[in-house]
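Atoms within a ligand are numbered from 1 in the order they appear, just like the ligands themselves.
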Amino acid sequence: MDKISGFSDDELLVKILSFLPTKEAVTTSILSKQWKFLWMRVPKLEYDEMSIYSRQFYFRYLFSEEMGESETYSIASERFQRMQCFIEKNLPLHSSPVMESLRLKFHNALFQPEDIKLWVDIVVSRCVQELSVDFNPFKEKPNALLPSSLYTCKSLVTLKLRNNILVDVPHVFSLPSLKTLQLERVTYADGESFQRLLSNCSVLEALLVELCTCDNVRKFAVIIPSLLSLSFEISAGHCAAEGYRIDTPSLKYFKLTDLSKSFSGLIENMPKLNEADIIAGHNIKKLLEFCTSVKRLSLLTLVDDAEALTAVYGDDIVFDQLEHLNFRIYGAYWSKLLYWLLIASPKLRNLEFNEIFSRDGAVDTLVRWNQLSSVPQCLLSSLQTFKWSGYNVSVQGKYLATYILGNSCQLKIATISIGQGLDPQKKLKIETNVKCRFRGSPTCKLVFY
Ligand SMILES: *[C@@H]1O[C@H](CO)[C@@H](O)[C@H](O)[C@H]1NC(C)=O
Ligand SMILES: *[C@@H]1O[C@H](CO)[C@@H](O)[C@H](O)[C@H]1NC(C)=O
């Protein structure tokens, strides 16, 4: 209560308005004279084109020209232009002393990318702290260029750029407060822009980068001592496959999607890594080697090839800290990889097994769960929870579940949520079957949902 009484009436109203979406905050301006300009002091602004149409209407608008729906096209275009005029007219009048955030999200082909430059320039002059721009026009358009003032913005803490944005980093720039940077499928003005940007963000804590197949980033080096969280995606056909290097001594969380055919990364110096989320193709073994110290590991292999997945099998890697494993499968040949992970993780407490897409493969390439001679240590001494989920379940998946339930002596709870894609009879049959199997831990609770 005391905190509130310290505010003047107007300040309090502005505070309240800042919790509303911009569209609604603006609507309040018609309430009374006092309210008319209040919204212009709200420090957070968000303009999302989707908010001016219903979803259904938007999709009709997308295809309206091709479908000859000229009325839909002109109604929607008019609405969009009104929004654009509104921003043009009001953003320069905005009077909050510090702009906490500006978020822009546009798809419209009528949109002039130069406007983004203008608007960003305005908020940079208002000491913006968070800027997020997503420009993804549904027709061919030039990329939106950002003003050079952005690259010397002292107040900027968070910068998120997506899609058709041209990132052109000056040779000398300074973003001394930047802690969070996200660059998703953007375009870089030259081969060096990207690397230049990363080379001088001295307090950066979180970085998310998604390169796209067609961009000009050849070299990717993240050498940032302050970085705590890194998400990096490199697609199968990307040219930066020439190599990447990651050296981040403070990193705690690492998400890596690397579907390139041959591994060309150099990942080193992550002594504090606690959690890794790996989406891998052929180079899975290489990717697993650097996360042997994690407590949490989430793994999805998007390669359905018995040979590639068996290549990891061996006793040279141990996950001696691993407590949580989320193993998501795609395809048929996952079982040797999982068995190997269970053997290599003596302290595992929680296992999640998710059949995102599964099918059954040739028997000689799979683990015969019912004929294994030795039980992984974690099942005997540490595994406490097991979650099995899948839209569709494979025969192998059933064998695995039976094996885990039958051999885990410390298991407290098993949660089973399978077969939403199966017919109810079949689903019930699998569940009944699981229920009456032998349980290694007689007190284990089975939960179906
Ligand atoms: C790097 O950033 C610092 C401080 O943010 C600045 O003083 C320096 O000029 C920048 N260097 C380059 C090469 O942009
Ligand atoms: C479900 O699994 C069966 C057998 O594994 C397979 O034949 C079928 O194609 C799968 N269906 C879907 C929708 O994944």
Side-chain angles (χ1 to χ4, degrees), residues 43-44 96-104 113-114 116-133 135 143-162 164-212 215-232 239-240 242-254 266-270 272:
K44 297 178 187 171
S96 166
V98 173
M99 183 80 87
E100 281 174 26
S101 66
L102 174 69
R103 298 192 191 131
L104 301 171
E114 305 86 72
I116 289 184
K117 192 172 172 189
L118 217 67
W119 300 344
V120 170
D121 203 30
I122 293 172
V123 296
V124 165
S125 72
R126 303 286 148 79
C127 301
V128 68
Q129 294 171 340
E130 179 187 336
L131 177 70
S132 159
V133 185
F135 179 45
N143 289 317
L145 187 67
L146 301 166
S148 56
S149 61
L150 177 69
Y151 299 101
T152 49
C153 180
K154 290 197 166 55
S155 53
L156 198 68
V157 176
T158 300
L159 177 62
K160 299 180 180 175
L161 304 173
R162 280 182 91 174
N164 289 44
I165 312 272
L166 184 68
V167 176
D168 186 5
V169 183
H171 282 273
V172 177
F173 73 99
S174 161
L175 293 166
S177 311
L178 193 69
K179 290 200 168 154
T180 300
L181 175 63
Q182 299 192 355
L183 300 165
E184 292 174 79
R185 300 180 299 276
V186 297
T187 307
Y188 301 92
D190 56 70
E192 302 301 314
S193 264
F194 174 71
Q195 207 50 60
R196 207 174 314 138
L197 184 56
L198 292 195
S199 67
N200 201 22
C201 291
S202 56
V203 297
L204 198 66
E205 292 179 353
L207 173 66
L208 182 150
V209 176
E210 193 183 320
L211 297 176
C212 62
D215 67 30
N216 53 5
V217 177
R218 295 278 174 278
K219 218 179 82 197
F220 179 92
V222 183
I223 303 166
I224 306 179
S226 57
L227 205 65
L228 302 176
S229 163
L230 172 63
S231 301
F232 168 42
C239 351
E242 270 180 29
Y244 57 87
R245 178 171 168 215
I246 295 170
D247 182 341
T248 47
S250 308
L251 206 68
K252 293 195 168 135
Y253 172 81
F254 187 22
L266 178 61
I267 300 171
E268 52 194 352
N269 202 3
M270 294 186 182
K272 296 184 182 158

Peer 1: I'd like to know if E210 and R162 make a salt bridge, using a cut-off of under 4.0 Å between side-chain N and carboxylate O.
Peer 2: no
Peer 1: Hey, what polar pairs (N/O, under 3.5 Å) does ligand 1 make with protein?
Peer 2:
{"residue": "ligand 1", "atom": "2 (O)", "partner": "N200", "partner atom": "OD1", "Å": "3.2"}
{"residue": "ligand 1", "atom": "2 (O)", "partner": "N200", "partner atom": "ND2", "Å": "2.4"}
{"residue": "ligand 1", "atom": "5 (O)", "partner": "S174", "partner atom": "OG", "Å": "2.8"}
{"residue": "ligand 1", "atom": "11 (N)", "partner": "N200", "partner atom": "ND2", "Å": "2.8"}
{"residue": "ligand 1", "atom": "14 (O)", "partner": "F173", "partner atom": "N", "Å": "2.8"}
{"residue": "ligand 1", "atom": "14 (O)", "partner": "F173", "partner atom": "O", "Å": "2.9"}
{"residue": "ligand 1", "atom": "14 (O)", "partner": "N200", "partner atom": "ND2", "Å": "3.3"}

Peer 1: Please identify each residue that fulfils ring-ring contact (aromatic ring centres under 6.0 Å, His included) with Y188, with sequence neighbours left out.
Peer 2: F194
Peer 1: Main chain of V169, side chain of R196: is a donor-acceptor contact present, judged purely on distance under 3.5 Å?
Peer 2: yes
Peer 1: Could you tell me whether the side chain of S177 and the main chain of K154 form a donor-acceptor pair under 3.5 Å?
Peer 2: yes
Peer 1: If you count every heavy atom of other residues, nucleotides or ligands that lies below 6.0 Å from E192 atom CD, does the total exceed 12?
Peer 2: no
Peer 1: So, S101 side chain and E130 main chain: donor-acceptor pair closer than 3.5 Å or not?
Peer 2: no
